[in-house]
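The structure displayed is predicted, hence computed values, not measured ones. Atom set for the values below is all heavy atoms of this structure, side chains included, hydrogens, waters and symmetry mates excluded.
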Amino acid sequence: MAGDGKITISIDRGGTFTDVHAIVPGKPDIILKLLSVDPAHYQDAPTEGVRQILELVTGEPHPRGQPLKLDRIGSLRMGTTVATNALLERKGARSVLLTTKGFRDLLKIGDQSRPNIFDLSMARPGVLPEGVVEVNERIVPCHPSADKDCFSGARIVEGVTGEKFRVVQELNLEEVRSELQRYKEQGYQSLSVALVHSFAYPEHERQIGELAESMGFSVTLSSKLQPMIKIVPRGMSAAADAYLTPVIKTYIDSISSSFEGGLERQRECRFEFMQSDGGLVDFRRFSGLKAILSGPAAGVVGFAATSWDPTEKTPVIGFDMGGTSTDVSRFDGHLEHVFGSKVAGVLIQSPQLDINTVAAGGGSILSYRNGLFYVGPESASAHPGPACYRKGGPLTVTDANLFLGRLLPEYFPHIFGPNEDQPLDIEVTTKLFNELTQKINAERKEKGQPEYAPEEVALGFLKVADESMARPIRNLTQARGFETASHHLACFGGAGGQHACSVAASLGISRIIIHKYSSVLSAYGLALAEVVKESQEPVSADFETSQSSLEKRFNDMTDSATAEMSTQGFSADQVRHELYLNMRYEGSDTSLMILKPEDDSGFLEQFKTRHRREFNFNSDRAVLVDDIRVRTIASSNVRTEKSPLVQLREASLQDVSGTPDNTTKAYFDGYSSRIDTPVYLLDKLQKNARVHGPAVIIDKTQTIVVAPNSIAKILDTCIVIDLKEEQTTVNGVPSELSSEIDPIRLSIFGHRFMSIAEQMGRTLQKTSVSTNIKERLDFSCALFSPDGGLVANAPHVPVHLGSMQFAVRYQHQKWLGNLRDGDVLVANHPSCGGTHLPDITVSQSQCTPTSLATLTKRYR
């Protein structure tokens with residue numbers, strides 16, 4: 001790779017732009033940004049990126065349309081949204097599902113969740129397979145208390161978990177063959193197999209898979225893809241893989257045709273893709289299901305590798321703000337995965353990085369409705385784009401930053417107007433903000449309230465946007481028992497630097513890390529990523545009585561994984577393993593994937609610690625193990641980053657000297673008017689310089705706003721911004737609030753109250769076993785005022801909340817007099833009575849409006 005004088009090229013193909021990063025031995029890194037779709041100039045953006053890199057490195061022309069040689073490239077790595085787009089747009093391959101007879105409508109029925117809980121039409125997204133084959137086979141587990149009946153007159157088999165199964169109906173392969181032949185003649189090439197209980201007894205699926213492959217089908221077996229219990233998500237995952245893998249293969253073939261001899265014949269160049277779990281995989285092993293979060297996963301790997309300090313071990317929150325949405329994630333030394341998610345209406349049961357997305361970005365539309373400020377979720381997209389793009393678009397977050405002097409047109413690409421040669425249009429943005437301010441002030445004047453200046457309106461929208469982006473971060477931390485303020489904030493993405501300080505202040509975070517490649521950090525993260533292999537097997541065992549057998553299975557799985565890595569060119573000393581057990585309390589439906597600790601505390605202690613942190617209680621019940629998992633990691637990163645905190649400790653910082661490169665009139669919170677704000681160009685700032693806010697730091701691909709009362713420190717690979725704690729705020733909230741109605745403050749606190757109610761609901765879902773609770777969300781979580789008035793309710797079934805205030809006001813006046821400011825009431829469906837939430841005990845209601853007041857004594 002780079003060590004032997006060859007180039008490492010990393011490419012993140014996004015929906016709008018394709019980012020390219022190249023490490024050239026002995027030379028500065030190369031960064032390119034290309035349009036992902038530009039048929040007038042090239043057919044494929046990643047191939048064009050490779051072509052331009054080769055021209056820059058060799059100084060020789062590489063004409064478009066001619067196959068490229070890969071002899072100068074040691075490693076080619078890619079993250080792609082091809083699978084995600086195919087799933088969202090329903091443009092995958094025609095496929096067939098094979099499932100156990102009697103379960104034909106399994107995927108159509110799905111679970112009890114609703115895409116839009118308040119949609120009376122109950123419209124569901126269509127299923128992915130176009131055809132279904134019912135396989136006449138059936139096995140059932142033998143219950144321990146019914147062994148005698150189970151064994152009589154039936155073939156008994158042992159599953160992977162060690163449990164016994166009775167074969168009720170043997171598999172008839174000839175019947176399956178005739179059905180497959182019929183679909184083969186109709187032109188189907190891809191199929192998925194999801195049989196009941198195949199996660200524990202995969203033999204029938206294996207036989208069907210061998211038959212189908214011999215007939216020329218592309219086959220996905222649910223028992224091989226992700227052998228976990230629950231047939232619905234397992235079946236949907238297999239169907240999604242069969243639906244998307246042909247799309248991925250076609251895409252890889254199109255790239256392969258652009259290189260001399262094709263990719264299959266390349267031996268010197270490693271070609272790898274980023275998977276949803278944050279690991280690289282050889283292009284021959286890349287499949288549809290593993291590609292759904294390929295692009296965002298690279299960004300998580302990027303901020304984790306560039307922001308984490310293994311000595312201090314302060315957890316880091318990744319904040320990736322783009323034009324349409326913002327992705328947030330968390331890293332504490334290990335990548336956090338989820339095994340159940342829903343993408344485009346499809347349940348995915350596969351390890352994916354835990355990435356939360358909110359519809360707020362630079363292109364989010366600003367609106368004023370019903371006396372409140374709203375940001376998004378609608379976006380102006382690339383066309384027409386924000387108002388300042390000169391295409392007649394609406395006001396957006398980008399316009400607010402431009403209007404307040406935080407975005408400078410002279411440093412932004414001049415690509416607007418009829419001839420695509422004009423800068424951002426500050427005049428039209430100013431005009432629209434003045435008109436909107438007049439509309440808002442007209443309403444406030446009628447109510448006898450003071451008027452706003454246009455700058456206050458624009459800043460108010462930015463505050464609301466910051467709070468909407470802070471909300472998923474709170475869900476990622478506080479909802480799991482972590483203190484948000486004890487994290488660092490790693491900002492990246494095209495718009496991240498403009499909101500870094502304000503979002504951090506809202507969350508109470510005091511330190512921000514912005515890498516020098518933050519605007520292309522997903523591409524750079526590919527260069528820092530490692531090859532990963534996931535191995536998982538189902539288990540059905542009591543942890544206390546099966547530790548020795550679990551240890552043996554760990555050894556077998558690690559040996560097998562190491563052997564497979566050796567076939568990819570990795571020696572044993574390059575390979576390490578992370579060992580996991582999926583554990584739960586007996587009688588519970590919520591499993592926690594527990595990583596084997598580096599100390600001697602053991603799996604059980606780690607499980608109880610995490611369970612206590614997330615759910616605020618532990619049980620004396622037995623702890624069961626559902627799955628055993630090994631994550632094998634082969635060190636293949638071509639560069640190791642020095643931690644920003646190490647750089648900070650080693651740096652001799654000095655205040656920036658000399659005059660700034662420019663000055664802008666910018667508006668900040670706490671100031672009555674615009675103030676002169678110095679502008680610095682990053683490539684002209686000396687290393688170890690210290691820039692006091694307010695200031696604006698501009699790079700070729702990003703703008704970083706350094707807020708007042710903050711200090712930016714320019715280091716070798718990044719900028720570290722430290723926020724000073726203001727006496728007037730606590731976690732971004734003014735300590736002294738007036739009683740005057742303020743629509744900006746109402747909008748901000750609306751997001752915060754909703755965040756609390758949503759966290760209640762998530763905890764209730766995790767701890768319950770009721771389908772009504774877990775899937776249908778048939779409960780209500782809300783915040784009430786001391787007199788019982790509804791303040792905020794999460795998007796659950798709100799039927800239980802409407803008469804709360806009347807019940808409290810008119811039937812419990814005596815108790816009401818004892819309420820204190822800040823008391824919180826929680827209403828819920830009777831089926832979850834007695835469930836314990838963090839700091840709240842929920843009582844059992846009788847489903848009549850007045851009985852909701854029975855919550856009071858239990859809560860008090």
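- Side-chain polar atoms of Ser198 and Glu205 form a donor-acceptor pair below 3.5 angstrom.
- Heavy atoms only, all atoms of each residue included: Ser329 and Phe303 are closest at OG-CE2, 3.2 Å.
- The two residues Thr161 and Val539 come nearest to each other via the heavy atoms CG2-N, 3.8 Å.
- Under a 3.5 Å cut-off, the side chain of Thr357 and the backbone N or O of Asp327 do not form any donor-acceptor pair.
- Glu578 CD to Leu335 CG: the interatomic distance, rounded to the nearest 0.5 Å, is 7.5 Å.
- Not a single donor-acceptor pair under 3.5 Å links the side chain of Glu213 to the backbone N or O of Val219.
- For the pair Ile292 and Ser276, the tightest heavy-atom approach, listed with the atom from each and the gap, is N-OG, 3.3 Å.
- Across all non-hydrogen atoms, the minimal contact from Pro296 to Ile355 is CB-CD1, 3.7 Å.
- Leu715 and Pro644 get closest at one heavy-atom pair: CD1-O, 3.7 Å.
- Distance OH/Tyr580 to CD1/Ile594: 10.5 Å, rounded to 0.5 Å.
- Note that CD1 of Ile252 and CZ of Phe283 are 7.0 Å apart. Values are rounded to the nearest 0.5 Å.
- Glu260 places no side-chain N or O within 3.5 Å of a backbone atom of Lys69 that could act as its donor or acceptor partner.
- In this structure, Glu60 does not pair ionically with Arg72, as no charged nitrogen and carboxylate oxygen lie closer than 4.0 Å.
- For the atom pair CG (Leu289) and CE (Met236), the distance works out to 13.0 Å, reported to the nearest 0.5 Å.
- Taking 4.5 Å as the limit, some side-chain heavy atom of Gln536 sits within range of a side-chain heavy atom of Gln226.
- For the atom pair Thr717 OG1 and Lys687 NZ, the distance stands at 9.5 Å (nearest 0.5 Å).
- Looking only at distances, no side-chain donor or acceptor of Ser222 sits under 3.5 Å from a matching main-chain atom of Arg234.
- Shown here are the ring-ring contact (aromatic ring centres under 6.0 Å, His included) partners of Phe273, two or more places apart in sequence or in another chain: Phe271, Phe286.
- Between Tyr524 and His21, the ring planes are perpendicular. Angles over 60° get that label, and only those under 30° would be called parallel.
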**Report entry** Derivation of the side chain to side chain contact (heavy atoms under 4.5 Å, CB included) call for Glu551 and Gln547
**Finding:** CA-CA 6 Å; Glu551 189 68 29; Gln547 294 186 53; over 6 Å; no
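- Taking the side chain as every heavy atom from C-beta outward, Pro46 and Tyr251 approach each other to under 4.5 Å.
- With hydrogens and angles ignored, the 3.5 Å screen pairs a side-chain donor or acceptor of Thr558 with a backbone N or O of Asn555.
- Under the 6.0 Å cut-off for aromatic ring centres, Tyr585 and Phe607 qualify, their centroids lying closer than that.
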Query raised in the report: Can you list the steps and then say if Lys290 with Ser350 is a side chain to side chain contact (heavy atoms under 4.5 Å, CB included)?
Result: CA-CA 8 Å; Lys290 306 292 186 182; Ser350 177; 3.5 Å; yes
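- The shortest side-chain heavy-atom distance between Val160 and Phe199 does not fall under the 4.5 Å cut-off.
- Taking the ring axis of Phe482 as reference, the NZ or CZ atom of Arg330 stays within 45° of it and closer than 6.0 Å to the ring centre.
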**Report entry** Step-by-step salt bridge (charged side-chain N to carboxylate O under 4.0 Å, His left out) determination, Lys224 to Asp241
**Finding:** CA-CA 12 Å; Lys224 188 176 181 181; Asp241 192 76; over 6 Å; no
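- Contact check on Asp699 versus Lys516 returns no salt bridge, with no Lys/Arg side-chain nitrogen under 4.0 Å from an Asp/Glu carboxylate oxygen.
- Side chains of Asp29 and Tyr517: a donor on one and an acceptor on the other come within 3.5 Å.
- Side chain of Gln349 to main chain of Ile229: a donor-acceptor pair is present (N/O by atom type, distance under 3.5 Å, no hydrogens or angles).
- Contact check for Met583 versus Gln606: no side-chain heavy atoms found under the 4.5 Å cut-off.
- Judged purely by distance below 3.5 Å, without hydrogens or angles, the side chains of Gln207 and Glu203 pair a donor atom with an acceptor atom.
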Query raised in the report: Would Arg631 and Asp277 satisfy side chain to side chain contact (heavy atoms under 4.5 Å, CB included), going step by step from the backbone distance to the final call?
Result: CA-CA 10 Å; Arg631 182 174 171 85; Asp277 64 358; 3.3 Å; yes
Query raised in the report: Which is it for Ile512 and Cys491 under the side chain to side chain contact (heavy atoms under 4.5 Å, CB included) test, yes or no, and what are the steps along the way?
Result: CA-CA 7 Å; Ile512 302 162; Cys491 290; 4.0 Å; yes
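- Listed here is the closest heavy atom pair of Ala86 and Leu244: CB-CD2, 3.9 Å.
- Side-chain contact between Ile719 and Ile714 is present, with at least one heavy-atom pair separated by less than 4.5 Å.
- A distance of 10.5 Å separates OG in Ser535 from CG in Leu579, rounded to the nearest 0.5 Å.
- Listed by chain and residue number, Asp722 satisfy the salt bridge (Lys or Arg N to Asp or Glu O under 4.0 Å) test with Arg511 (two or more places apart in sequence, or in another chain).
- Residues Met274 and Val301 form a side-chain contact, since some pair of their non-hydrogen atoms from C-beta on lies under 4.5 Å apart.
- Heavy atoms of other residues, nucleotides or ligands lying less than 6.0 angstrom from NZ of Lys249 number more than 12.
- Annotation for Lys608: atom NZ does not count as buried by contact number, only 12 or fewer foreign heavy atoms lying within 6.0 Å.
- Taking the side chain as every heavy atom from C-beta outward, Glu48 and Thr18 never approach each other to under 4.5 Å.
- Judged by distance alone, with hydrogens and angles left aside, the side-chain atoms of Glu564 form no donor-acceptor pair with the main-chain N or O of Ala561 at under 3.5 Å.
- With respect to the salt-bridge test (charged N to carboxylate O, under 4.0 angstrom), the residues Arg629 and Asp627 do not qualify.
- Using a 4.5 Å cut-off on side-chain heavy atoms (C-beta onward), Gln702 and Ile514 make contact.
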